[in-house]
Amino acid sequence: MHKNKFLLLLILLFFFSTTLYAHGPSRQKVSEKIQINAESSKVWEIVKNFKDFKWNSEITQCSASKNSVGSERIIEFSNGSKVKQKLEKLDENKMMIGWRIVETDNKMLPVNSYAAKVFVKNNDDDTSTINYKAGFYRGFMGNDPPEELNDENSKKKVQEFIKKSLEGLKEIAEKN
Amino acid sequence: MLRRISFHLSFCITFFSFYCVLAKSDIAIITNQEADTVDVINLKEKKKKSEITVGKKPAGIFIDKSKKIFFTSNPGSNNISMVDLKNLKHVFLNGGKSPMSLQFNADSNLLYISNWFENQISILDIKKNKITSKINVGNSPAGMYLTNSDKLFVAIKGEDIVTIIDTVSQQKIKDVKVGKAPYGVFSDKDTNLLFVTNVQSNSVTIIDKNSLKALTNIGVGQWPYQIAYENKKKLIFVTNQRDNSISIIDLKKFKVNKTLDDVCEYPEGIDISYNENLIVVACWFEDNIILLDLESYKLVKKIEVSGGPRSFGNFILEDYE
């Protein structure tokens with residue numbers, strides 16, 4: 001009997017300690033690559049066009065004033081979410097573009113301090129490889145995040161978004 | 001029985017790999033936030049020598065040269081790892097919630113821990129494994145530096161100040177206004193200057209450790225994180241996470257005299273090995289560290305690490321045998 005009570009106590013202690021177990025955000029990263037059957041120069045023309053970011057099929061609208069560093073764009077998604085991004089880096093020689101999320105909607109991209117870069121690389125066989133990288137914190141910056149805004153789910157959402165964007169880019173670039 | 005054998009085996013393997021480090025060399029101790037490990041890099045051989053499992057999401061590091069121990073802050077498991085470099089014994093210590101930066105006073109055996117979400121500094125007696133007191137500070141305390149004269153400088157990220165605490169009386173002495181979102185606080189016993197990275201204003205504030213006044217604010221790259229002080233030419237090296245660059249500031253002129261571009265993706269921890277003539281940089285996004293020549297700043301080698309290297313704090317131990 002005593003033994004059982006002790007066991008029960010141990011189990012209770014275990015649950016108690018796991019509910020207390022919570023941790024702060026640590027930075028997440030996502031890096032995805034795709035090979036496109038099109039010349040890098042052609043792909044880069046699409047990639048560097050900050051004003052017209054519609055690779056992802058869930059994006060319904062993209063509005064921006066300019067294609068120069070400092071310019072901002074608002075991307076609208078089919079679910080109604082809006083995300084505002086700012087162009088931070090544009091390097092023609094390296095074929096690299098980088099932007100940052102200024103305002104997000106946690107339904108679509110549950111992130112904080114999100115910055116992404118897209119690199120276009122030329123392959124010998126006239127194809128190109130695109131690398132899309134993002135560094136960010138989860139959607140909820142405090143301790144004890146709700147499940148949908150924790151490290152794991154925030155990363156999953158970003159991963160899905162980036163994969164879908166790259167697939168869309170491939171489709172556009174290979175079409176014509 | 002089997003379990004016991006496998007325990008001994010794993011211990012021997014770890015110990016043996018560590019034993020290989022023991023030819024005298026500078027070592028770099030790298031906290032890997034995504035792998036829950038610490039990697040030990042021999043800087044003479046320029047090779048990773050061991051991997052030690054610590055607590056969850058290790059970020060901050062403090063090495064005590066006199067006692068040959070190091071500490072890591074583990075914000076994922078809300079504790080501190082203490083590793084004895086002589087026998088590799090690893091123990092967990094209390095760290096309070098969300099521990100970040102660590103500073104240690106070897107004479108008093110007190111470890112100072114900044115607790116990000118608790119808005120306080122915990123003082124841990126490492127012999128008793130007991131938090132003996134807590135000091136309330138402002139919103140989101142991050143990097144810290146403890147001077148020989150018992151002053152603790154703490155970056156208060158949420159309030160754009162550095163709070164200075166007298167560790168003897170445990171009272172706040174002063175708040176110094178710095179740039180926006182201060183994160184890292186670095187200095188060295190050889191200088192009366194203290195350096196603060198302001199993440200959101202992309203600048204470094206320099207504070208005089210004696211007068212406790214801010215002397216200047218110098219613009220650097222995007223998201224400055226960590227600083228290494230070079231004591232011969234009187235320079236500081238600043239890692240700019242979002243620019244993939246290192247700003248080099250001349251302390252005689254208080255000016256950026258050079259920027260190293262494209263060093264790696266998300267450079268974070270940075271420290272200097274004088275014996276090997278190297279600057280060592282942890283590249284968070286690339287899962288490697290890079291070694292740059294201290295004179296020419298040319299890349300000497302990239303070394304792969306376990307994952308998500310940060311090494312927030314001074315992470316090089318000199319002449320390790």
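Numbered from 1 within each chain, the chains take letters A, B, ... in sequence-line order. All of these numbers come straight from a predicted model, not from anything done at the bench.
For chain A, the nearby parts of B:Trp284 are the backbone and the side chain; heavy atoms of each come within less than 4.5 Å. Heavy atoms of B:Asn79 lying under 4.5 Å from chain A are absent altogether. The part of B:Glu268 that comes within reach of chain A is its side chain, from C-beta onward, which places non-hydrogen atoms under 4.5 angstrom from that chain. Contacts between B:Asp243 and chain A at a heavy-atom distance below 4.5 Å involve backbone atoms as well as side-chain atoms.
One distance of note links CG of B:Asp261 with CG of A:Asp91; it measures 10.0 Å at 0.5 Å rounding. Atoms CZ and NZ, on A:Arg27 and B:Lys57 in that order, are 12.5 Å from each other to the nearest 0.5 Å. Note that CG of A:Asp151 and CD of B:Glu34 are 10.0 Å apart. Values are rounded to the nearest 0.5 Å.
Other residues, nucleotides and ligands contribute over 12 non-hydrogen atoms within 6.0 Å of the NZ atom of B:Lys301. Within a 6.0 Å sphere centred on NZ of B:Lys134, heavy atoms belonging to other residues, nucleotides or ligands number 12 at most. No more than 12 heavy atoms of other residues, nucleotides or ligands lie within 6.0 Å of CD in A:Glu147, so this atom counts as exposed by the packing criterion. Remark: A:Lys89 NZ is packed, more than 12 non-hydrogen atoms of other residues, nucleotides or ligands lying under 6.0 Å away. Around CD of A:Glu160, the count of heavy atoms belonging to other residues, nucleotides or ligands within 6.0 Å exceeds 12.
Residues of residues 117-133 of chain A that come closer than 4.5 Å to chain B, counting heavy atoms only, are A:Lys117, A:Phe119, A:Lys133, ordered by residue number. Residues of residues 29-38 of chain A lying within less than 4.5 angstrom of chain B, judged on heavy atoms, are A:Lys29, A:Val30, A:Ser31 in numerical order.
When every heavy atom of A:Ala134 is checked against every heavy atom of B:Phe285, the shortest pair comes out as O-CE1, 3.3 Å. Residues B:Tyr266 and A:Ala115 approach most closely at OH-CB, 4.0 Å, considering heavy atoms.
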Could you walk me through whether A:Ser113 and B:Arg242 pass the side chain to side chain contact (heavy atoms under 4.5 Å, CB included) check? CA-CA 11 Å; A:Ser113 301; B:Arg242 284 252 162 113; 4.0 Å; yes
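A donor atom on one side chain and an acceptor atom on the other are not found under 3.5 Å apart for B:Gln222 and A:Arg100.
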